[in-house]
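Following: one structure in structure tokens, then a few remarks.
Counting convention: from 1, in listed order, for ligands and their atoms alike.
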Amino acid sequence: MSAKDQIQKEKVPHHVAVIMDGNGRWASLMGKPRVFGHQNGVQSVREVVEGAGEIGVEYLTLYAFSTENWKRPAYEVNALMTLLVQTIRKEIKSLVENNVKLLSIGDVSKLPSKSRKALEEAQKATAENKGLTVILALNYSAKWDITRATAKVAELAQKGELEPKEINEDTFRSFLSTADFPDVELMIRTSGEKRISNFLLWELAYAELSFCAKYWPEFRKEDFFKAIVEFQNRERRFGLTGEQLKTLSG
Ligand code: FPP
């Protein structure tokens, strides 16, 4: 039985996040430059977006470029930005046809203007779509986001527009760039690395983590579905005991 056939429709995670890792290592294995890995990673992005749409995931966040990625060689950063523009332009039609809404998180003001423009165009074209929401994390890091949210909270408090006693988990959460999305239920990382790497630290608090040994360019829809099945077979306790959970669900 395929992994897709094992998925229980009523237990599909609402929000899945992916650290697409291993493009460079995969390219080296092929005896090619790192950029070749990124180019081939685009097909995996396509598969995961399609797969997520097919099973009814509502939000899919992809870690496409971290605040730390600027430290990579200039030619690789440029290649990634160009690839982003090309991919977005090429996929706009298909996103619209498939009812996919495209959004981003991160400080996109620091991206080259051509990348910003492509992103804005795609966001505008898909704004009314009601199916899967794909969120590209671009020039994003969770520490950046939490720091930024804290500065906003401090500013409002200083102006007397927010009382310190009004600051709780929910109010703080509303200042994060992910305020409009639910917390992540499943986080997938490819390439065998088992780290969070400054990705969605707040939103991952109760996420199930799934690590796949395949490099990102090898990751296919069936691998995505396998991670969903693995998620569905885990017992999510949210700090409760297994016994308490049984009583609650029984
Ligand atoms: C990690 O592999 C991958 C990235 C930093 C970039 C991901 C980009 C893509 C898949 C291409 C385009 C994406 C979109 C959304 C259009 P790595 O370079 O860190 O690999 P390594 O760990 O083997 O060096």
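Heavy-atom separations between Glu193 and ligand 1 are all 4.0 Å or longer.
Phe172 and Val184 fall within the same hydrophobic cluster, where Ile, Leu, Val, Met, Phe, Trp and Tyr residues are linked whenever their side-chain heavy atoms come under 4.5 Å apart, directly or through other members.
Counting non-hydrogen atoms of neighbouring residues, nucleotides and ligands closer than 6.0 angstrom, the NZ atom of Lys114 exceeds 12 such neighbours. Around CD of Gln158, the count of heavy atoms belonging to other residues, nucleotides or ligands within 6.0 Å does not exceed 12.
Nearest residue to atom 6 (C) of ligand 1 from Ser28, Ser104, Gly22, Ala64 is Ala64 (criterion: closest heavy atom).
Ligand 1 has a nitrogen or oxygen under 3.5 angstrom from a nitrogen or oxygen of Asn23. Backbone and side-chain nitrogen or oxygen atoms of Gly24 are examined, and one is located within less than 3.5 angstrom of a nitrogen or oxygen of ligand 1.
Across all non-hydrogen atoms, the minimal contact from Leu60 to Phe224 is CD1-CE1, 4.5 Å. Closest of all the heavy-atom pairs between Ala64 and Leu138 is CB-CD2, 3.8 Å. For the pair Ala142 and Phe199, the tightest heavy-atom approach, listed with the atom from each and the gap, is CB-C, 4.0 Å.
Tyr215 contributes no side-chain N or O that, together with a main-chain N or O of Ala27, makes up a donor-acceptor pair within less than 3.5 Å.
Atoms of ligand 1 lying under 4.0 Å from any heavy atom of His38, numbered from 1 in the order shown and given with element: 11 (C), 18 (O). Numbered from 1 in the order shown, with element, the atoms of ligand 1 that lie under 4.0 Å from a heavy atom of Arg25 read 21 (P), 22 (O), 23 (O). Distances below 4.0 Å separate heavy atoms of Leu83 from the following atoms of ligand 1: 11 (C). Within ligand 1, the atoms closer than 4.0 Å to a non-hydrogen atom of Thr87 are 16 (C), numbered from 1 in the order shown.
The protein non-hydrogen atom at the shortest distance from atom 19 (O) of ligand 1 is Arg72 NH2, 2.8 Å. Closest to atom 5 (C) of ligand 1 among all protein heavy atoms lies Asn69 OD1, 3.8 Å. Atom 15 (C) of ligand 1 has its closest protein heavy atom at Leu136 CD2, 3.7 Å. Looking only at heavy atoms of the protein, atom 13 (C) of ligand 1 is closest to Val45 CG2, 4.1 Å. At the top of the distance list for atom 3 (C) of ligand 1, counting protein heavy atoms only, stands Met20 O, 3.1 Å.
Only the side chain of Trp216 comes within 4.0 Å of ligand 1, counting heavy atoms alone; its backbone N, CA, C and O stay farther away.
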After noting the C-alpha distance and the side-chain angles of Tyr206 and Asp183, does the key distance pass the side-chain contact (heavy atoms from CB on, under 4.5 Å) rule? CA-CA 8 Å; Tyr206 277 102; Asp183 276 352; over 6 Å; no
Check the pair Leu136 / Ile88 against side-chain contact (heavy atoms from CB on, under 4.5 Å), numbers first and verdict last. CA-CA 11 Å; Leu136 295 182; Ile88 291 176; 4.3 Å; yes
